[in-house]
Amino acid sequence: MKLLNINDFKNFCEKVRNKKRKDINIKVCITGCRAKGAIDLYTELKKKEDKDIDVIPVGCHKFCSGAPVVKVDFPNENYLYQNVSIDDVDKIIKNAKKYKPVEELLFKNKKFFELQEIKVLKYCGEVNPVSIEDYIYYGGFSAFIKILENFTPEMVIDEIRKSKLRGRGGAGFPTYKKWEIVKEQKSEEKYVICNGDEGDPGAFMDRTVLEGLPFQVIEGMLICGFTVGAKKGFFYIRAEYPIAIEHVQEAINRCYEYGLLGKNILGTDFSFDIEVKKGAGAFVCGEETALISSIEGKRGMPKPRPPFPAEKGLFSKPTCINNVETFANIPIIINEGGEIFSKIGTQNSGGTKIFSLAGKVKNTGLVEIPLGTPLWKIIYEIGGGPLDGRKIKGVQTGGPSGGCIPIEHFNTPVDYETLAELGSIMGSGGMIVIDDKVCAVELARYFLDFTQKESCGKCVPCRVGTKRMLEILERITKGEGTLEDIEKLEMLGNHIKETSLCGLGQTAPNPVLTTLRYFKEEYLDHIILNYCSSAQCKEVVYAACTNACPAGVNVPEYIDAIEKSDFIKAYEIICNDLPFPSICGRACYSPCENMCRRKDVDKAVNIRVLKKFVCDYAWRKGVSVRDFMVLGRGINKKVAVVGGGISGLSCAYFLSKAGVKVDIYEKEKELGGVVKKYIPEFRLPKKFVEKEMKDILNERINVFFNKSLFENLKLEELEEKYDAVYISIGAFSEPYVEEKNVFNGLDFLRSVKENKKIKIGDKVGIIGGGNVAIDCARAAKRLKARDVYIIYRRTEEYMPAHKTEIEEAKKEKIKFLYLLSPEKVENKDGKIVLILKKMTLKDEIDKDGRIKFVETNERLKIELDCLIYAIGQKSKIGEYFNLNDIDRFTLKIKNRKLFVGGDFYRGPSSIIEAIGDGKRASFSILNFLTGKKFEKFWIKHVVKEQTEQEINFEEKINIKQQQPKCISLKERINTFKEVEKNFSFTQAVKEAKRCLKCHLEK
Amino acid sequence: MENKSNLEILQEIQEDKNYIPMDYLGEVCKRNKIPKAKIYGVLTFYAQFSTVPRGKYLIRLCEGTACHVKGSQKIKEMLEKEYGLENGKTTADMKFTLQVVACLGSCFMAPCMMINNNYYGNLDVEKVKKIINSLK
């Protein structure tokens, strides 16, 4: 029913807004949520409509990772349900009739919406997208009426200028300026185009707005047409968005029906027609001149600018082309006024921006925030942080035209200029979070592959340049890159940026240039070491587990041997790469398990316990590393290893096997280092350490005790006497002043291991959050302390201690006190009075992506019998060497025959890293001494022919992760017996079966 | 065909016949006096057009960033291994055609695909197999 004038329309609006709506409205998203069965869900719910209940199909509720999402509106309350299934329909209806929510379906993540400023998307998820009445009910078209009644085109432009709105398509051109330019053109024929060709992989906000709020965009276009003097508008929507096309067309039809489109709209002089044009699968058609070509029916090839479309666009006439989101903002600006609109945002940009948050983050969906919000807030607070507890590496903004921003820049407030400064762009607003399993080099290759395919081919820099860049990246990901490739990529990238005809070519190199800028080490890893730390580049990764192991142990092979019950074979396979299997089988933190592909299915394969099982089996059978230690032919070279800990011993072992004579210099009167001195008996019984460390000593190795480097052992003498020197003297712990009842954590652990009598009393406090702190706490419990507290300055999620250690400590009833930092310690009559500062979160993150903690004025006093400091381990390497002189690939110090590794090189780290360094240094040293090729031992494993086997995945998937038994809690707390027992034979074989054999995937 | 641009003509033909038969296109050009080379240029520019018959079910597998980062590669490999489907190819029984596309705008449910006009999200290799086998 056509409305003939403004008054008619206003009356109609009044009628609609006063029409009584049913008490209960159930709003089902049928746009994005369709991919999870929302249409069927809607159909079922619709059947239950009655006099009180209305079931309405709506647009996106924005919390997409909870799809299907349903909103239930009661007169005084509303609720959001997530992960709704058809089985929930009866429950929902039953509770709705009682005006009660269904508790278990409730979306409880308050933070997701609290931190947002939802304006453009306010009614998305409220209105039926194709119902003009719904739109009007929520205030729709009031801006357009305001314009028709009270505004001149100049006034509109002024309002938009005050709003500081900038183009939301990505370039950020001031919207008022563009409209002004089109308005000034003298032409009878002018056009308005809505760019709905959202082709950026990772962006879906335009899709959502078109599908959920088509009338809002139409309203924006009407206002634009009025302002610039155009009579015809076009929607250009990509073909991959059929729902958007459908909804927009429906909305347009409704507008014609009601007289909001067509000749002399509502009896005024203003006429406006809108037509929908479909794309046909070309990313470049998002570029305005290419888009215009496409509407003209031609190949979508860009044209040089100037002239800009505002002057000469569609059919060579002045054309105002804006992004979907830009148009959607217009009604809001007119309704609330440009000044108010500009209060949100930054100095240069008014309003909010919608981002599509996706990738390796917990909460995916649409996020609307004020410009100027820091990245970390969007990703950690709204996004909920990383998926699966992994470590976030960075965020890709702006799609293939943008760049990858690493976490050290996550304090950056999001705005057009700030992102550009970092080498990226705002783009359309796609934000893809990547974690440690995403290779930065592979990501760059992936983007270039995309832009290469989408290049229209018109100009040489883009057509040929991107191809050359892609070829280089492909070689690098295959492990065939060279150092010159990095220079070539930079040179090519910059040239292509400067000389390409359109935005596609001008921005195509961005992902490469930003990954080179921020993730260069990953490129160097691929080129120099043929190593991909994310285990993504297939050609250089044998298996993700072996790839993650610093010692390159052939995990899939030994697991296969266990599956076939050939345990000694499995033990041999381990010993070929790792001289300390029992030690690792008990005390390794298993980086292999962290990367295990099985983890994506349910839980990682329990690799460490499998190793422990095999070792204990071999131990019982009297088989040891010695049985597989084959000494190669002797060569006339002598190497000194300084530091008889696990790193030095590993280096000595591999060197001696290769024929070199090794002299080990150890500071103490026995070998062992940290592993022997500090790791508690209940985690790693001494007998294993002593045996394995003794076993690897062969006739080529000599040990000298009581020799301390830089004290009674001079480095210059070693350099003179030996052909090479490996230094692995560990990290140091600051000794604290020997106050009564105050201990240094490591000294405490050592005393415990040496069975010294220590009186610690009933109440013990441990300052620290790492594994040393946990070990101290668990040891204190066994020394009969009744109350043991771990006092840490941050919260649990930031504790550097391994998660399993924290769990074990909790099982042993150790208490954790968070957000406390020591200020003062007083000794009073044999009791310790500890004054602690209370800490709190700061609104900032540090360069590792951890939230900063600062002290408050509050203090807490605790009385203890004993205090242990388990913090402050550091390496002193900086005092002796210039860190820039150390080559991280060969571990060699520039211009000297010195090599470093272990905790001395890395600071306090792990056993397996120390072993890995020792092994790598041994190969580096051999290379240095004999010119023998540096063996990249982590990729040398090859898949043997006979291991081609039919893999029964069904069976594998159904086996749950096996867990070894532990001793009882009573026994744990009262003795230092090893807490964890071992797999049974059946368990071991079962667990081995869980391996997905990724190494056979080629 | 009056007032329809070359692009729209092609879109209509493909909508009707599920692909662009070259001889039919030739006739259309002749009847409407459209230079064949010009329309061929448009046809080959856009990825959506196919000059060979396509299957009953068009599988559009998304290889956008979010889907890529969440494992779409594995699905692509499985489709090739199990069904012989490569990008642009159709199964022998003319049931399925695979088109690997850049982004379907369903990134929040990565990895995802469309089969004709239906969306499927949060996919993995097993789920995709089930869906395809149910359509067989």
Side-chain angles (χ1 to χ4, degrees), chain A residues 32 34-36 39 64-65 67 198-204 206-208 238-244 277-283 285 294-301 356-360 364-366 396 399-400 430 432-435 437-438 443 446-447 450 453-454 456 600 953 957 1001, chain B residues 3-12 14-15 34 38-50 60 62-74 77 81 87 99-114 116-126:
Chain A
R34 268 191 215 205
K36 296 227 54 203
I39 294 281
C64 309
S65 43
E198 183 181 62
D200 266 4
F204 50 95
D206 288 353
R207 174 187 161 184
T208 305
R238 55 192 299 245
E240 292 87 339
Y241 285 174
I243 306 176
K277 294 285 185 189
K278 290 198 277 208
F283 171 75
C285 286
S294 191
I295 293 185
E296 291 172 356
K298 308 196 205 107
R299 289 166 68 92
M301 297 178 82
S356 49
L357 191 58
K360 300 300 200 76
T364 58
L366 289 182
Q396 171 72 21
I432 313 255
V433 179
I434 60 169
D435 62 16
K437 269 176 126 171
V438 178
L443 190 67
Y446 161 82
F447 278 125
F450 173 79
K453 286 198 184 104
E454 297 291 339
C456 80
D600 298 336
F953 277 109
I957 299 298
E1001 233 179 64
Chain B
N3 287 339
K4 288 223 186 301
S5 69
N6 284 343
L7 179 56
E8 281 171 315
I9 292 173
L10 290 168
Q11 283 169 327
E12 272 193 23
Q14 177 137 305
E15 185 84 31
I34 301 168
K38 209 105 202 205
I39 206 167
Y40 187 70
V42 179
L43 189 163
T44 49
F45 184 83
Y46 295 95
Q48 292 239 316
F49 297 124
S50 173
R60 274 183 267 201
C62 182
E63 254 221 321
T65 319
C67 294
H68 178 79
V69 146
K70 288 194 100 186
S72 64
Q73 183 71 10
K74 283 210 163 3
E77 287 165 7
K81 197 160 160 228
N87 189 11
Q99 208 179 46
V100 177
V101 293
C103 179
L104 291 172
S106 289
C107 322
F108 47 88
M109 266 183 238
C112 68
M113 71 179 176
M114 283 176 81
N116 293 350
N117 278 349
N118 295 319
Y119 288 90
Y120 300 89
N122 286 135
L123 298 171
D124 55 42
V125 165
E126 292 307 313

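Residue numbers begin at 1 in each chain, while the letters A, B, ... track the order of the sequences.
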Between [X] and [Y], what is the shortest heavy-atom contact and its length?
X       : Y       : result
A239(A) : R60(B)  : O-NH1, 4.2 Å
R207(A) : S106(B) : NH1-OG, 2.8 Å
Y46(B)  : A282(A) : CD2-CB, 3.7 Å
G105(B) : Y241(A) : CA-OH, 3.7 Å
P201(A) : A102(B) : CB-O, 3.9 Å

Using non-hydrogen atoms only, which part of [X] is less than 4.5 Å away from chain B: side chain, backbone, both, or neither?
X       : answer
K453(A) : neither
S294(A) : both
C285(A) : side chain
A67(A)  : side chain
F283(A) : neither
D600(A) : neither

Given side chains that start at C-beta, do those of [X] and [Y] come closer than 4.5 Å, heavy atoms only?
X       : Y       : value
P242(A) : M114(B) : yes
E15(B)  : K278(A) : yes
F204(A) : C103(B) : no

Quiz item: Between atom OG1 of T65(B) and atom CG of L443(A), what is the distance when rounded to the nearest 0.5 Å?
Solution: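 Reported value, rounded in 0.5 Å steps: 7.0 Å.
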Self-check item: Point-to-point distance, once rounded to the nearest 0.5 Å, from OG1 of T44(B) to CZ of R299(A)
Solution: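 If we round to the nearest 0.5 Å, T44(B):OG1 and R299(A):CZ are 5.0 Å apart.
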Quiz item: Of all residues at least two apart in sequence or in a different chain, which pass the side-chain hydrogen bond (donor to acceptor under 3.5 Å, both in side chains) check with S356(A)?
Solution: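 If we apply the side-chain hydrogen bond (donor to acceptor under 3.5 Å, both in side chains) test to S356(A), skipping adjacent residues, there are no hits.
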Practice problem: Check for a donor-acceptor pair, side chain of Y446(A) on one end and backbone N or O of G64(B) on the other, with a separation under 3.5 Å. | Solution: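 Pair found, side chain donor or acceptor close to backbone of G64(B).
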[X] versus chain A, the contacting section by heavy-atom distance below 4.5 Å:
X       : result
E77(B)  : side chain
A110(B) : neither
K81(B)  : neither

Heavy-atom pairs under 4.5 Å with chain B: which of [options] has the most?
options                            : result
G359(A), G202(A), S65(A), G300(A)  : G300(A)
M301(A), K277(A), E296(A)          : K277(A)
G297(A), G279(A), G199(A), A280(A) : A280(A)
A358(A), G32(A), G365(A), G430(A)  : G32(A)

Quiz prompt | Pairs of heavy atoms under 4.5 Å with chain A: top-ranked of Q99(B), H68(B), E126(B), K70(B) | solution =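 Heavy-atom pair counts peak at H68(B).
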Quiz item: Between N118(B), V101(B), N122(B), which residue shows the highest count of heavy-atom pairs closer than 4.5 Å to chain A?
Solution: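 Max contact count across the listed options: N122(B).
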Self-check item: Other residues, nucleotides, ligands: >12 heavy atoms within 6.0 Å of F49(B) CZ
Solution: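 For F49(B), atom CZ is crowded (more than 12 foreign heavy atoms under 6.0 Å).
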